[in-house]
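Working notes, structure below.
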Amino acid sequence: MGTKLVGGPEDTLNSGRRMPLLATGTATYPFPPADDIKRAVLDAVEVGYRHFDTAALYQSEEGVGLAIAEALERKVIKSRDEVFITTKLWCNNATPERVLPALRESLRKLKLEYVDLYLIHFPVRLKEHILDMTCEKDDILPLDLKSTWEAMEEVYKLGLAKSIGVSNFTCKKLADLLSHAKIPPAVNQVEMHPVWQQKKLREFCKEKGIQISAYSPLGAKEWGFDLVLSNPTIIDIARAKGKSVAQIALRWGHEQGVCLIPKSFNKGRLTENFAILDWQLTEEELQKIGEIPQKRIATIPEFIFPDGMFKSPEEFWDGEM
Ligand code: A2P
């Protein structure tokens, strides 16, 4: 009712740009062929999604690029600015002189002149040859956040990224970044769902004008976790409302005002995940979800080594566990 269906609801970022709040994620492993990603993104465009989330890490930029090119050619979308594309700087390029070349490479794969949002993927720098999460203790190098962010500000000024932001940043790391950033991050993309509600981080970001994007909004089901979709509180609410369990988890996230990035390469589930706009949760249901015991699922053990830079998940997440 009054809700724009194509693209769904949007929010204005601190950069002044509009960002659709229902996005499609493209991270999956093993990396699928570009054609599979292209088909999933084209399905998502047909369903109404206009925000696509990719990353150098996911090796999905090429597939997203093929899909956007074909959607334009088939006139399913009329112009480039009808879609919002987020991509991310991988940790091997998290050093000032490598930011611009890394973004240019992403743009080449995406066949785009600019991305709508460019994020520092993790507050971590890795050796140049590390292209994914598989690394040894000595592959983790100190990240110079100040100079790396300055390089992010440069790509913003060049117009190659219309907004810039970060991912997997804690309140502590955001505070550090804000203490020297000339252009504040527009977005912090983090794990968020009913089992990891990020109350403290959301309050902090709200106060600072940083939009939250929620990855793994179904509880990282893609990575084999089932804590959200098997949660009894959410299952009960879903039954009572005649909605799916995934829809309850997503609607909860939507009502918190964040951008949601569920990954689905199935058109039926893409449709289901978009159908969360014309109904709402009651106060009582929101309260019950608010009482769900909390647990961070994506602790990122790949970067934790007992004798390395991050010795424990607590250290990696600055105690914000
Ligand atoms: P598929 O791509 O086959 O739809 P998350 O982003 O939290 O990791 O969740 C994504 C995972 O959840 C993917 O494995 C995806 O599989 C699955 N998924 C996406 N939408 C739904 C849904 N509505 N119901 C159940 N599973 C879903």
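In what follows, every heavy atom counts, from backbone to side chain, and hydrogens, waters and symmetry copies are set aside. Start at 1 and go down the list; that is how both ligands and their atoms are numbered. Remember, it's a predicted structure, so these values are computed and weren't measured experimentally.
- With Tyr114 as the aromatic partner, Arg80 meets the cation-pi criteria of under 6.0 angstrom to the ring centre and within 45 degrees of the ring axis.
- At the top of the distance list for atom 20 (N) of ligand 1, counting protein heavy atoms only, stands Asn273 ND2, 2.9 Å.
- Numbered from 1 in the order shown, with element, the atoms of ligand 1 that lie under 4.0 Å from a heavy atom of Gly219 read 7 (O).
- Close approach of ligand 1 to Ser216 (heavy-atom distance below 4.0 Å) involves ligand atoms 5 (P), 6 (O), 7 (O).
- Of the options Gln247, Lys263, Glu191, His193, the smallest heavy-atom separation from atom 17 (C) of ligand 1 is shown by Lys263.
- The aromatic rings of Phe316 and Phe303 sit tilted relative to each other, their planes meeting at an angle between 30° and 60°.
- The nearest non-hydrogen atom to atom 24 (N) of ligand 1, considering only Gly25, Ala246, Pro262, Ala275, comes from Ala246.
- With respect to atom 14 (O) of ligand 1, the closest heavy atom belonging to the protein is Glu222 OE1, 2.6 Å.
- Considering backbone and side-chain N/O atoms, Asn266 never comes within less than 3.5 Å of an N/O atom of ligand 1.
- For the 3.5 Å distance criterion, the side chains of Asn93 and Glu105 fail to qualify, holding no donor opposite an acceptor.
- Under the 3.5 Å distance criterion, the side-chain polar atoms of Thr95 are left unmatched by any main-chain donor or acceptor of Arg98.
- The side-chain tip of Lys263 points at the ring of Phe265 from less than 6.0 angstrom away and within 45° of straight on.
- Looking at atom 21 (C) of ligand 1, its nearest protein heavy atom turns out to be Arg269 CD, 3.4 Å.
- At the top of the distance list for atom 7 (O) of ligand 1, counting protein heavy atoms only, stands Leu218 N, 2.9 Å.
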